[in-house]
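Atoms within each ligand, like the ligands themselves, are counted from 1 in listed order.
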Amino acid sequence: MPKIKLNGKEVEVAPGKTVLQACVDNGAFVPHYCWHPGLSPAGNCRMCLVKVSNSRKLEASCMYPCSDNLEVTTEGPEVAKGRQDVLEFMLINHPLDCPICDKAGECDLQDYTYAYRGGVSRFRDKKVIKHTKDLGPNVRIWGSRCIACTRCVRFCEEVAGTGELCLVNRGDHSVVDVFPTIPIDNPVSLNVVDLCPVGALIDRNFLYQARVWFARETESVCASCARGCNVKITALDNRIKRMVPRVNADVNTWWMCDEGRLNTRYLADDRRLTASKGSARDLDAAARKGNFGIVLSTYQTIEEMWLVKRLAEAWKAPVGFLTLTRGERKKFGGLVIEPDKTPNRRFAEKLFGELKPVPAGCKGLFVLNGIPELEGPPELMAAANGAEFLAVSDLRKGPLVEKAQVVLPACAWAEKDGTFMNVDGRVQRIRKAIEPPAAVRAEVAWLQEALGTEPLSAEGVFLQAAKEVPALAGLDYGKLGNQGAASNGH
Ligand code: FES
């Protein structure tokens with residue numbers, strides 16, 4: 001293991017690491033644009049300049065290998081001057097778009113300029129204007145803002161494997177573009193927007209939707225497949241404006257898929273179910289008459305499933321399941337898109353064993369759906385048609401809701417607290433990012449009402465479940481933190 005001196009302190013570095021990696025690992029800040037831990041290094045922005053003992057000039061730390069006894073200095077007037085000059089060069093053609101740019105507030109160019117530049121430009125000539133156009137269904141480019149770092153180009157080649165993006169033209173006319181007639185349209189295309197360190201690549205769905213400093217960010221988990229990618233939900237005026245990935249080496253690395261990001265529109269659907277009919281107590285009274293069945297979707301949280309299991313025991317009711325599978329397993333670097341389009345099937349299997357089909361021939365039926373894309377599959381409709389009493393909890397109005405005597409509107413995953421167990425058995429928290437419609441109560445509240453137990457928060461219910469479900473033994477919300485934790489036996 002080579003030993004280097006980083007800002008006067010001796011540190012050991014794994015063989016083959018670059019100076020920038022050593023700085024990142026040891027908490028020494030080095031500004032950078034083109035380097036990204038999930039991509040191959042390119043060494044073209046020069047923002048990561050540092051002073052090293054065996055060179056007379058400043059060196060780009062992302063390309064400089066660590067060697068024994070190397071002395072590295074990441075701060076000081078000489079380094080700051082080098083970074084200032086790099087920024088001055090970049091800003092020559094960069095427009096002052098911050099007041100209208102969606103990246104403002106989370107832009108590395110803005111932040112480093114604030115940190116290193118004096119705010120005055122010496123450039124008196126005309127700036128080069130480059131194209132502004134759509135590169136694909138979800139991605140638009142403002143070419144004049146592009147600093148040609150090529151992160152997006154490398155992502156399409158190395159992670160997406162589709163290679164739609166390339167750098168065209170030379171010198172100060174260099175800009176990212178697509179080949180004519182081949183737009184960037186792959187299942188993970190929006191990661192290039194997160195990767196863009198400036199505001200050149202913009203998510204068309206987020207365009208002019210929110211200034212990020214007014215928006216609220218909530219750390220949660222995507223519910224669109226069984227992978228459970230870690231995400232940040234950006235919300236403004238109680239509307240979800242976008243979702244971006246959070247780094248979790250055990251789940252999704254740095255990426256997430258476009259489908260997961262964009263699968264939030266149903267929350268504000270005109271057909272959203274907002275009014276209840278009857279109550280949880282009516283449901284309990286009907287269920288206690290006997291010959292009652294429960295249909296549970298694998299979109300429900302661990303806490304909700306646990307409460308349903310207790311209700312099923314109290315009512316002596318068989319439980320059948322609603323699930324949704326579509327497409328094939330797809331892998332993009334450290335990201336896997338699962339065919340199981342529900343977030344909590346793994347826990348349902350742990351709690352109930354093999355998932356049984358919808359129970360048929362019951363006099364009464366209680367359906368907890370909540371799968372956004374699923375509206376009354378034929379086997380469920382047949383069971384519901386044959387029942388005398390029907391209670392439904394769902395997100396949207398539909399044929400099943402029309403038939404029901406008791407309707408309890410469901411909270412969407414972004415409107416409640418809880419946990420999911422992903423396909424690998426990792427338990428992760430979801431957090432309430434927006435308020436549900438006024439009359440909609442969290443499922444854990446009315447499920448406990450039906451049970452007739454003391455009302456606990458989702459966290460309280462989880463603690464109860466953790467005492468009795470071996471897979472959850474020893475876990476609590478504190479231990480799950482922001483990155484989740486492996487369940488018992490994984
Ligand atoms: Fe090192 Fe860009 S981060 S040259």
Side-chain angles (χ1 to χ4, degrees), residues 2 4 6-7 11 13-14 16-67 70-76 78-94 103 106-117 141 143-159 165-167 169-172 174-176 191-201 247 253-255 333:
I4 66 165
L6 182 55
N7 293 330
V11 293
V13 186
K17 287 232 170 175
T18 61
V19 170
L20 181 54
Q21 282 168 324
C23 292
V24 170
D25 293 348
N26 289 285
F29 173 71
V30 176
H32 55 270
Y33 295 115
C34 69
W35 182 79
H36 186 278
L39 302 172
S40 63
N44 59 16
C45 74
R46 321 308 287 180
M47 193 61 206
C48 63
L49 294 177
V50 294
K51 202 165 152 41
V52 286
S53 54
N54 48 12
S55 173
R56 284 166 58 197
K57 62 181 181 67
L58 297 175
E59 293 289 345
S61 57
C62 69
M63 300 299 280
Y64 208 86
C66 288
S67 54
L70 187 74
E71 287 179 30
V72 178
T73 312
T74 63
E75 296 299 338
E78 193 184 340
V79 177
K81 176 74 173 65
R83 292 172 187 170
Q84 255 180 25
D85 292 347
V86 169
L87 275 171
E88 180 171 25
F89 185 64
M90 275 176 187
L91 291 170
I92 278 180
N93 280 311
H94 193 87
K103 194 79 175 182
E106 51 185 13
C107 172
D108 288 345
L109 189 57
Q110 204 177 34
D111 291 348
Y112 298 158
T113 302
Y114 193 74
Y116 292 103
R117 290 286 307 154
I141 186 168
S144 301
R145 298 176 192 162
C146 177
I147 58 165
C149 73
T150 71
R151 272 184 176 188
C152 55
V153 176
R154 283 174 283 146
F155 176 84
C156 287
E157 279 168 12
E158 296 167 15
V159 182
L165 298 183
C166 60
L167 211 56
N169 302 331
R170 301 272 175 118
D172 58 3
S174 283
V175 66
V176 168
N191 288 289
V192 300
V193 174
D194 309 331
L195 281 170
C196 183
V198 298
L201 295 176
V247 182
T253 60
W254 303 269
W255 326 119

*By residue and atom, what protein N/O/S atoms are less than 2.8 Å from atom 2 (Fe) of ligand 1?*
Cys34 SG, Cys45 SG
*Sequence neighbours left out, what passes ring-ring contact (aromatic ring centres under 6.0 Å, His included) with His94? Give chain and number order.*
none
*Expected output: side-chain Arg46 to main-chain Glu59 donor-acceptor under 3.5 Å*: no
*Mind checking side chain to side chain contact (heavy atoms under 4.5 Å, CB included) for Gln21 and listing every partner two or more places apart, or none if nothing turns up?*
Lys17, Thr18, Trp35
_Tyr114, OH: over 12 other non-hydrogen atoms inside 6.0 angstrom_ = no
*Quick check: does any side chain N or O of Glu158 sit under 3.5 Å from a backbone N or O of Leu39, one acting as donor and the other as acceptor?*
no
Hey, can you pull the donor-acceptor pairs under 3.5 Å for the side chains in residues 192-199, sequence neighbours left out?
from: Asp194; atom 1: OD1; to: Arg261; atom 2: NH1; distance (Å): 3.4
from: Asp194; atom 1: OD2; to: Arg261; atom 2: NH1; distance (Å): 3.1
from: Asp194; atom 1: OD2; to: Arg261; atom 2: NH2; distance (Å): 2.7

